[in-house]
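Everything below concerns the one structure shown next.
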Amino acid sequence: MKTNLLQHINSPKELRKLYNNQLPQLAKELRDFIIDIVSTKEGHLGASLGVVELTIALHYVFDTPNDLLIWDVGHQAYGHKILTERKNIFHTNRQLDGISGFPKRKESVYDAFGTGHSSTSISAALGMAIASKIKGDFEKHHIAVIGDASIASGMAFEGLNHAGVTDANLLIILNDNAMGIDPSVGALKNYFTNVKAGKKVRKNNIIEALNFSYSGPIDGHDLSALIKELERLKSIKGPKFLHVITTKGKGLKIAEQDQVKYHAPGKFNKKTGELVPKINEIQLPKYQDVFGETLVELARKNPKIVGITPAMPTGSSLKFMLDEIPERAFDVGIAEQHAVTLAAGMATQGLIPYCTIYSTFLQRAYDQIIHDVALQNLPVIFCIDRAGLVGEDGATHHGVFDIAYLRCIPNLAIFAPLNELELRNIMFTAQTGINFPLAIRYPRGNATLVNWKLPMHLIKIGKGELVFKGNEIAILSIGTIGNSIIEIEKDLPKNKFSLYNMRFVKPLDEDLLHDIFKKYKTIITIENGTIIGGFYSAILEFASKFEYKNSKVIPLAIPDSFIEHGKVYELFNKINLTNENILKMLLKL
């Protein structure tokens, strides 16, 4: 019986003591270890399975952590974490107070740079390489592992463009599996496909044209070939580029066959790969599916409607429109800035673009929102997915800043639906002919109604509504978190609290707010967004502008700190925003 190698390896130092011919066995054990944990604890599966051999080879050849290794995005870094002193705590991955699902500098010296968003690795690694040179260290290696979807992003090209005119000791490894979370798209993807197929593109190799020493493509699952090539590249000075071909989900057949589903599959049977069915007697829709199906419903009737997403067609549910009306739906790859300005260009020609982007990724296109959309007052409709706390992906993915960073932009209206019916109604309203940009923010997860496909109605821009009426304290909610107050209403003192669903952060319903401030001495704001600059700040600004000095405004919001990872309920509990926490606070008033 073979000795289990992985159980004796806790760091790259032990890894480097193995013989080359032992490494394939280690690769199998590492894959099994990842599958064992992720099958029960959940997480990102396919990407890490695909780079097991590459992970082993990198730590075997390079002197990490002295040599600096960066994993772009970080979905693929589970093997890296297991081999770098976190094997015994890997079962806490993405859990409250456990290790992060992404590389994180404060977690380990082996995590050279914190990642979570795509396409940052080349710029960061180049910055490190330049720093090493300035400090007189010419031996240190700087390695960025980036996927074929991420390298198509504008920021990656900016890094490549700069690196090519330096003599930095930089190695970029393209992990080419033709996948991001969804299949990769675009001309660069087609270029790499041709390279892999051996077609005649080498004379015009785009990487060599940028002054990189290019090698590959090589089999990313052949440990011997990987180690040999990495050893060779160590001796070459200046910027280098290694093209590695891998299979996402490698080692779990069903994950290889359905790479989209097994990117982050949830719990599954580790032997067969079959997903563990979720127990849910009432199948409530996801907000993403409400968006996706409603967009198709509207687009069938309105030929001016187009849909745009930067590389998230499945997650955002734009896939419904891509499948049914492909000529008017666009996945532009990991290119948020391009997505926004593309939408702006379409809007100038009379089209009605619904641009769906996760809140945390829309941050990457801030200048385009201001300069290309709002400044020209173009009617682009931003459908901001994953707004608020999102759970196990943690600080890099929580969409808590969008209200604050959008609210200061002139011309832009911001709407947050209380439920899926309001989401449908605002989407319906937007395509009837608004003449300004509109942001619609909604959370990740399930909505509230089983039968939600009801006739749609116009929503009056800038108007809120009274949900239930009391005499002493007014609660002003924005977005789906207002449902928390509706759910605890039965436990509140009768006739004490009023709930107002404000709907719009901008423009505020000033007529309604005047009535509220004249009537109530205590006002509570509640939002699934940051306390600084968000809805609470907007209400304070209103009170200051109109000199309402007799009312106290109490905020319930995300505190001014980066919230870590955990289940959404656990995170809300930590910041006192669960129904139980809110009820306890209200009963003290």
Side-chain angles (χ1 to χ4, degrees), residues 374 377 379 381-382 387 402-404 406-419 421-430 432-442 456-486 489 492 495-529 531 533-557 586 589:
N377 204 24
I381 303 152
F382 295 103
D402 54 86
I403 294 177
L406 293 175
R407 196 171 63 82
C408 60
I409 302 174
N411 295 333
L412 180 70
I414 307 169
F415 179 90
L418 178 68
N419 53 40
L421 299 184
E422 289 198 345
L423 175 56
R424 278 169 62 78
N425 287 340
I426 194 65
M427 289 178 68
F428 171 74
T429 301
T432 60
I434 60 172
N435 59 357
F436 52 85
L438 171 66
I440 307 167
R441 77 184 306 258
Y442 48 92
M456 289 176 270
H457 305 284
L458 289 174
I459 284 181
K460 195 166 185 181
I461 301 299
K463 291 299 176 183
E465 64 171 4
L466 175 67
V467 180
F468 59 79
K469 186 169 175 45
N471 300 315
E472 296 181 38
I473 298 172
I475 302 171
L476 313 185
S477 75
I478 192 74
T480 59
I481 198 168
N483 290 298
S484 294
I485 307 301
I486 294 171
E489 180 192 6
L492 295 172
N495 302 320
K496 183 174 183 178
F497 293 91
S498 291
L499 172 62
Y500 292 88
N501 170 30
M502 295 303 295
R503 290 179 168 170
F504 287 89
V505 181
K506 187 178 184 180
L508 287 170
D509 188 342
E510 292 194 348
D511 291 338
L512 186 57
L513 285 174
H514 281 300
D515 291 341
I516 291 167
F517 272 86
K518 287 172 183 175
K519 179 170 182 176
Y520 299 96
K521 299 302 180 190
T522 300
I523 295 166
I524 297 167
T525 64
I526 182 167
E527 62 195 294
N528 191 358
I531 194 169
F535 177 59
Y536 166 63
S537 295
I539 299 303
L540 288 185
E541 289 163 16
F542 170 87
S544 175
K545 176 181 177 181
F546 293 101
E547 298 185 346
Y548 285 109
K549 299 176 181 177
N550 297 323
S551 296
K552 177 172 67 172
V553 182
I554 302 170
L556 293 173
L586 294 179
L589 296 176

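Quick caveat, the model's predicted, so the values are computed rather than measured. Computed over heavy atoms, backbone and side chain alike; hydrogens, waters and symmetry mates excluded.
To the nearest 0.5 Å, atom CG of residue N483 and atom CD1 of residue I485 are 10.0 Å apart. Summarising the geometry, atom CZ belonging to F517 is positioned 11.0 Å from atom CG belonging to L512; distances are rounded to the nearest 0.5 Å. Here the CG atom belonging to D515 is positioned 11.5 Å from the OG atom belonging to S498, to the nearest 0.5 angstrom. With rounding to the nearest 0.5 Å, the separation of CG in L513 from CD1 in I523 is 8.0 Å. For the atom pair CD1 (I459) and CG (N425), the distance works out to 5.0 Å, reported to the nearest 0.5 Å. Atom CG of L438 is separated from atom CD1 of I414 by 9.5 Å, given to the nearest 0.5 angstrom.
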List the atom pairs, donor and acceptor, that lie under 3.5 Å between side-chain atoms in residues 539-548 and the rest of the protein, sequence neighbours left out.
residue : atom : partner : partner atom : Å
E541    : OE1  : R407    : NH1          : 2.9
E541    : OE2  : R407    : NH2          : 2.9
Y548    : OH   : H514    : ND1          : 2.6

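Proximity of L556 to I481: side-chain heavy atoms (C-beta onward) are nowhere separated by under 4.5 Å. Put simply, the side chain of V467 does not reach to within 4.5 Å of the side chain of E489, judged on heavy atoms. Using a 4.5 Å heavy-atom cutoff, the side chains of L406 and V505 are not in contact. Looking only at side-chain heavy atoms (C-beta outward), L418 and R503 stay at 4.5 Å or farther from each other. Between H457 and L421, every side-chain heavy-atom pair lies at or beyond the 4.5 Å cut-off. Looking only at side-chain heavy atoms (C-beta outward), M502 and D509 come within less than 4.5 Å of each other. Taking 4.5 Å as the limit, every side-chain heavy atom of P379 sits out of range of all side-chain heavy atoms of N435. Between E472 and T522, every side-chain heavy-atom pair lies at or beyond the 4.5 Å cut-off.
L476 and F535 get closest at one heavy-atom pair: O-CE2, 3.4 Å. Taking all atoms of both residues into account, the shortest heavy-atom contact from A374 to I409 is CB-CG2, 3.4 Å. When every heavy atom of Y442 is checked against every heavy atom of L423, the shortest pair comes out as CD2-CD1, 3.9 Å. Contact between A416 and E422 at its shortest, heavy atoms only, is O-OE1, 4.5 Å. Taking both residues in full, the closest heavy atoms of I403 and G534 are given as CG2-CA, 3.7 Å, listed atom of the first, atom of the second, then distance. Scanning all heavy atoms of the two residues, the minimum distance from F504 to I461 falls at CZ-CA, 3.6 Å.
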Steps toward side chain to side chain contact (heavy atoms under 4.5 Å, CB included) verdict (L499, I486): CA-CA 8 Å; L499 172 62; I486 294 171; 3.6 Å; yes

Determine, stepwise, if the pair T429 / K460 fulfils side chain to side chain contact (heavy atoms under 4.5 Å, CB included). CA-CA 8 Å; T429 301; K460 195 166 185 181; over 6 Å; no

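With a 6.0 Å radius and a threshold of 12 heavy atoms from other residues, nucleotides or ligands, K463 has its NZ atom above the threshold. For K496, the NZ atom sits in a packed shell: over 12 heavy atoms of surrounding residues, nucleotides or ligands are nearer than 6.0 Å.
A donor-acceptor pair under 3.5 Å is absent between the side-chain atoms of K506 and the main chain of A538, judged by distance alone. Side-chain atoms of S551 come within 3.5 Å of backbone N or O of Y520 as a donor-acceptor pair.
By the side chain to side chain contact (heavy atoms under 4.5 Å, CB included) test, N411 pairs with N377, P437, sequence neighbours left out.
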